[in-house]
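Single-structure report; data block below.
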Number of protein chains: 2
Amino acid sequence: MRISQLAERTDVPVHTLKYYLREGLLMPGVATSRTRAEYDEDHVRRVHLLRALVEHAGVGIDGARRVVAALEDPPGTRAELLGVAQRTVPATGGDAEVSDEVRELVADLGWTVEPDGPWMRSLTATVGAARAAGLHLEHRRLVEYAHAARDVAEVDLDLTEDAEDAAAAVRTVVLGTALLDPVLIALRRVAQEAVSRER
Amino acid sequence: MRISQLAERTDVPVHTLKYYLREGLLMPGVATSRTRAEYDEDHVRRVHLLRALVEHAGVGIDGARRVVAALEDPPGTRAELLGVAQRTVPATGGDAEVSDEVRELVADLGWTVEPDGPWMRSLTATVGAARAAGLHLEHRRLVEYAHAARDVAEVDLDLTEDAEDAAAAVRTVVLGTALLDPVLIALRRVAQEAVSRER
DNA sequence: CATGATGGAGAGTGGCACTATCCGATGTCA
DNA sequence: TGACATCGGATAGTGCCACTCTCCATCATG
């Protein structure tokens with residue numbers, strides 16, 4: 001398939017595909033002449049991946065580049081899969097000191113984690129920002145959210161166990177980490193409406 | 001407190017505060033002369049709110065304007081609180097048709113919701129994007145995520161019951177809807193690490 | 001009275017994800 | 001065979017957005 005057909009299949013303008021090619025996000029097609037190249041289903045999937053990452057996950061071009069690199073990299077052990085995935089979509093909110101409350105939270109839950117990892121910092125920052133903005137958020141509520149987050153994480157990890165090989169495992173973890181955030185947010189909104197109607 | 005002190009307290013440049021004033025996101029201080037105005041703790045809270053919305057919730061200036069409007073608006077009945085909050089931070093992902101799978105999902109869960117609401121569309125779009133990008137996501141997994149989302153929503157709604165008056169209820173719902181998304185994402189990442197270490 | 005902060009308005013900046021233009025080479029159809 | 005569209009490749013431009021800066025007359029303060 002030619003670039004114009006790839007554009008049609010994916011509903012992405014040719015110019016944008018050229019941009020992705022230039023940025024190294026989309027692998028070149030097989031050149032059939034100096035001005036022609038042939039693209040296949042792998043390219044279609046890649047373009048869909050890029051659109052999902054940019055449009056829904058909001059990771060930007062840089063983040064997408066890291067995701068693509070992670071997918072093409074030999075994975076390493078299953079234990080460090082998550083590390084790769086989490087580094088691929090880095091935490092936001094700066095590198096503030098982890099608060100005592102957050103430390104206690106994970107301790108009370110019995111979680112064993114890197115105490116000063118980026119997501120512990122991100123958690124501190126987001127909780128602090130929500131409180132500073134005037135949201136009354138009790139520690140008890142946070143614990144309940146954490147329980148729900150743990151349930152989600154269990155499913156996340158289950159997903160990786162089904163993977164047939166290392167490549168599939170990487171894809172599942174990396175994509176699951178980035179692409180399911182918006183799914184979970186949408187589910188939360190729909191669930192809010194359902195619970196609200198029940199009461 | 002003068003604008004420069006407000007800037008110091010909130011760690012936001014004076015120029016940015018002026019920008020917020022111009023955009024109507026920050027209420028004017030009490031003018032003590034033609035070139036002086038006095039700001040107070042309400043202004044500090046408002047600036048923290050704006051920063052949290054823009055930096056952590058990523059709702060942008062327009063979204064922040066809607067949040068501020070919702071906070072200042074008389075609330076209405078408790079039943080429509082959620083509607084206000086959800087309209088304040090609108091769904092992304094276009095207005096695609098809601099898929100049969102998503103319809104069945106909420107039906108199987110026994111949820112009563114607007115069948116073609118914006119978040120049902122958003123859910124369809126994000127699930128579809130994740131699949132198109134190559135993520136193998138079974139319906140069964142989705143159901144498990146939905147259960148967790150429901151748990152979160154229960155806590156969300158509990159939060160509103162504690163509110164003393166209508167104004168506090170609006171603040172809780174609107175801020176909770178927007179500002180807790182990043183908290184939940186961070187919790188998910190930390191929980192992933194904890195579960196991963198256990199296995 | 002000198003200095004510097006202030007409010008107010010407009011214009012400028014930087015980052016980002018495209019998007020358009022240009023080019024020469026090459027398919028393709030009449 | 002010749003007209004014409006399309007292609008890859010490179011450069012430059014666009015639109016959006018959240019600031020950020022400049023300017024200035026006015027005023028507060030030492």
Side-chain angles (χ1 to χ4, degrees), chain A residues 1-40 43 46-68 89-90 92-94 129, chain B residues 1-40 43 46-68 89-90 92-94 129:
Chain A
M1 129 182 42
R2 292 198 272 278
I3 196 172
S4 57
Q5 297 171 285
L6 181 59
E8 237 172 275
R9 276 284 300 274
T10 57
D11 204 34
V12 171
V14 173
H15 281 322
T16 304
L17 295 179
K18 287 188 175 187
Y19 169 67
Y20 291 157
L21 284 166
R22 243 177 300 149
E23 295 293 319
L25 298 172
L26 180 61
M27 52 284 197
V30 179
T32 58
S33 83
R34 207 186 307 179
T35 65
R36 287 289 145 106
E38 194 64 19
Y39 302 90
D40 59 22
H43 293 91
R46 172 62 61 85
V47 173
H48 280 143
L49 169 61
L50 296 174
R51 295 308 304 156
L53 288 171
V54 170
E55 194 171 325
H56 295 283
V59 302
I61 292 300
D62 263 22
R65 209 192 315 278
R66 275 193 298 275
V67 171
V68 165
V89 183
T92 57
Chain B
M1 161 183 5
R2 293 199 276 276
I3 197 171
S4 56
Q5 296 172 285
L6 181 60
E8 236 172 274
R9 276 283 300 277
T10 57
D11 203 37
V12 171
V14 173
H15 280 324
T16 304
L17 295 179
K18 286 187 175 188
Y19 168 68
Y20 291 158
L21 284 167
R22 242 178 301 155
E23 295 293 318
L25 299 172
L26 180 61
M27 52 283 196
V30 179
T32 59
S33 82
R34 208 186 309 178
T35 65
R36 287 291 145 105
E38 195 63 19
Y39 301 91
D40 58 22
H43 293 92
R46 172 62 61 84
V47 173
H48 280 142
L49 169 61
L50 296 174
R51 297 307 306 153
L53 288 171
V54 170
E55 194 172 325
H56 296 283
V59 303
I61 292 299
D62 261 24
R65 208 192 314 277
R66 274 193 299 275
V67 171
V68 165
V89 183
T92 57

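Each chain gets a letter, A, B and so on, in the order its sequence line appears, and its residues count up from 1.
- At C/dA5, none of the side-chain N or O atoms of B/R2 fall inside 4.0 Å of OP1 or OP2 (strictly under the cut-off).
- OP1 or OP2 of D/dG8 lies within a sub-4.0 Å distance of a side-chain N or O belonging to A/Y39.
- Considering only side-chain N and O atoms, A/T16 lies under 4.0 angstrom from the phosphate OP1 or OP2 of C/dT19.
- Atom CD in A/Q5 sits 7.5 Å away from atom CD in A/E38 (nearest 0.5 Å).
- Between B/Y20 and D/dC19, a side-chain N or O to OP1/OP2 separation shorter than 4.0 Å is present.
- Taking CG of B/L6 as the start and CG of B/D11 as the end, the distance is 11.5 Å to the nearest 0.5 Å.
- For C/dG7, the base has no donor-acceptor partner in the side chain of B/R22 [N/O atoms by modelled type, under 3.5 angstrom].
- Across the interface with DNA chain D, nearest-nucleotide mapping of A/H15 and A/R36 shows A/R36 to be the residue nearer the 5′ end.
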*For A/Y20 and A/I61, what are the C-alpha separation, side-chain angles and deciding distance, and is it a side chain to side chain contact (heavy atoms under 4.5 Å, CB included)?*
CA-CA 9 Å; A/Y20 291 157; A/I61 292 300; 4.2 Å; yes
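- Nucleic acid contact class of B/A31 (heavy atoms, under 4.0 Å, all strands): none.
- Checking the phosphate oxygens (OP1, OP2) of D/dC17, no side-chain nitrogen or oxygen of B/R65 falls inside 4.0 Å.
- Distances shorter than 4.0 Å separate some side-chain N or O of B/R51 from OP1 or OP2 on D/dC19.
- Note that the CD atom of A/E23 and the CG atom of A/D62 stand 9.0 Å from one another [nearest 0.5 Å].
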